[in-house]
Amino acid sequence: MAKRRQCGSGGSVEPETRPVADADVPGHGPGAGNGTGTAEGPCRSVLRSETLLVLALSLGASALSALISFIGSVTKSGALKHQAATLNASQAPGRPWLDLAWQLFGIATALVPVALVAHFLLRERAGGLRAIGFDRRRPGFDLSRGVALAAVIGGSGLLLYLGARAAGVNLTVVPEALPEVWWKIPVLIASAVQNAVLEEVVVVGYLLRRLGQLGWAPMAALAASAVLRGSYHLYQGIGGFFGNMVMGVIFVLLYRRWGRVGPLVAAHALIDIVAFLGYALLAGRVGWLPTA
């Protein structure tokens with residue numbers, strides 16, 4: 001291991017020897033793909049602080065919000081299944097152009113943490129998002145694996161949701177409640193893609209890399225990623241928490257195998273697109289799909 005100087009006022013350390021060429025390749029570099037490794041750029045205190053800040057600006061804050069929402073739901077009169085959790089709602093009812101502006105604003109600002117992650121990985125000289133396999137090098141691989149994964153996770157996830165709601169431990173999830181306007185479908189697709197990019201880049205690629213650089217054991221990093229994913233879905237109920245936690249375990253294992261978040265983003269986006277558009281088309285028209 002290269003000898004290092006202590007963190008100075010700039011908050012970084014420079015290795016006295018250059019890392020090997022594979023250091024920036026997913027699955028070969030420090031903390032890439034397998035949740036292990038050591039920091040070659042910023043020191044541990046800086047890595048720890050930046051990780052907490054990224055989570056506080058994104059899905060860590062969402063987890064706390066979901067917990068507060070869940071507490072509100074369970075302390076409210078009435079069964080959970082008779083309460084609703086709406087994912088894509090109108091932001092300006094009766095004013096479609098203003099509503100569209102708010103929808104696009106929300107989607108764009110939600111992706112700021114992804115840009116921050118890219119910045120940190122570029123500063124680290126890891127190649128930006130390429131370090132976690134979110135690039136255009138293998139589109140066929142990413143899409144094919146993503147489609148197969150979406151088919152498995154999506155189908156089982158729907159069954160789990162229906163079972164959890166029937167058991168009374170889940171709210172009724174309303175994937176969309178947008179007005180019937182021309183931009184409804186494009187916004188739902190954009191929202192699905194935004195969810196996928198944010199979650200897989202931050203909770204899988206970035207978090208595993210950072211926890212590995214901070215010395216976390218692979219199983220501990222897997223557990224942290226999976227529990228975090230379940231936590232920010234807790235607003236849906238117990239079923240949403242455990243279902244997404246299981247999904248998180250599967251996604252981490254596949255990321256470690258493939259060394260890329262690309263397939264995970266594709267799968268997640270497809271799952272959400274089908275859920276959003278499927279609800280828009282089928283709600284109130286089929287008896288098996290719960291509505292608020």
Side-chain angles (χ1 to χ4, degrees), residues 58-59 61-96 98-100 102-107 109-110 153-181 183-196 198-199 228-248 268-292:
S58 58
L59 297 167
S62 296
L64 181 57
S65 173
L67 175 61
I68 296 171
S69 177
F70 178 69
I71 293 172
S73 296
V74 296
T75 55
K76 184 179 179 180
S77 61
L80 284 179
K81 68 179 181 180
H82 297 312
Q83 301 178 46
T86 304
L87 306 188
N88 294 282
S90 175
Q91 301 299 313
R95 306 181 67 183
L98 182 61
D99 200 350
L100 174 59
W102 278 119
Q103 299 293 338
L104 296 178
F105 173 80
I107 291 169
T109 53
I153 297 292
S156 58
L158 176 59
L159 293 176
L160 177 63
Y161 160 65
L162 294 175
R165 183 182 178 277
V169 296
N170 219 80
L171 285 76
T172 297
V173 178
V174 180
E176 71 85 21
L178 295 177
E180 296 298 329
V181 289
W183 47 260
K184 175 177 179 175
I185 301 302
V187 162
L188 288 176
I189 293 174
S191 177
V193 173
Q194 171 256 298
N195 290 339
L198 175 64
E199 292 186 37
L228 176 58
R229 186 188 295 267
S231 297
Y232 58 75
H233 287 95
L234 191 57
Y235 68 91
Q236 298 177 8
I238 297 298
F241 173 77
F242 283 108
N244 281 280
M245 192 167 65
V246 172
M247 175 179 168
H268 193 150
L270 288 171
I271 290 170
D272 281 6
I273 288 171
V274 171
F276 295 170
L277 300 189
Y279 188 89
L281 295 173
L282 298 177
R285 296 182 175 88
V286 295
W288 56 265
L289 182 63
T291 57

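These figures come from a predicted structure and were not determined experimentally.
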Distance-minimising heavy-atom pair for [X] and [Y]:
{"X": "V174", "Y": "A177", "answer": "CG1-CB, 4.5 Å"}
{"X": "I107", "Y": "A190", "answer": "CD1-CB, 3.8 Å"}
{"X": "G239", "Y": "A164", "answer": "CA-CB, 3.8 Å"}
{"X": "L198", "Y": "A110", "answer": "CD1-O, 3.5 Å"}
{"X": "V187", "Y": "L100", "answer": "CG2-CD1, 3.8 Å"}
{"X": "F70", "Y": "L234", "answer": "CD1-O, 3.5 Å"}

Taking the side chain from [X] and the backbone from [Y], do they hold a donor-acceptor pair closer than 3.5 Å?
{"X": "T75", "Y": "I71", "value": "yes"}
{"X": "Y161", "Y": "V173", "value": "yes"}
{"X": "D99", "Y": "Q91", "value": "yes"}
{"X": "Q83", "Y": "A292", "value": "no"}
{"X": "S62", "Y": "S58", "value": "yes"}

message: Run H233 and E199 through side-chain contact (heavy atoms from CB on, under 4.5 Å) and show every step you take.
response: CA-CA 11 Å; H233 287 95; E199 292 186 37; 3.7 Å; yes
CG of L160 to CD1 of I153, rounded to nearest 0.5 Å, is 10.5 Å
When rounded to the nearest 0.5 Å, the distance separating CG of L59 from CG of L64 is 12.5 Å
By salt bridge (charged side-chain N to carboxylate O under 4.0 Å, His left out), K184 pairs with (sequence neighbours left out) E176, E180
Q. Does a side-chain heavy-atom distance below 4.5 Å link P290 with L162?
A. yes
Note to self: Apply side-chain contact (heavy atoms from CB on, under 4.5 Å) to residues F242 and N170 and explain how you reach the verdict.
What the structure shows: CA-CA 11 Å; F242 283 108; N170 219 80; over 6 Å; no
TODO: Go through the steps to decide whether L188 and I273 satisfy the test side-chain contact (heavy atoms from CB on, under 4.5 Å), and finish with yes or no.
DONE: CA-CA 7 Å; L188 288 176; I273 288 171; over 6 Å; no
Residues passing the ring pair (Phe, Tyr, Trp, His ring centres under 6.0 Å) test with W102, sequence neighbours excluded, are F105
Can you sort out the partners of [X] under side-chain hydrogen bond (donor to acceptor under 3.5 Å, both in side chains), two or more places apart, ordered by chain and number?
{"X": "T172", "result": "R165"}
{"X": "Q236", "result": "none"}
{"X": "S191", "result": "N88"}

Can you list the steps and then say if F241 with L67 is a side-chain contact (heavy atoms from CB on, under 4.5 Å)?
CA-CA 10 Å; F241 173 77; L67 175 61; over 6 Å; no
Solution key, residues 275-284 side-chain donor-acceptor pairs under 3.5 Å, sequence neighbours excluded:
none

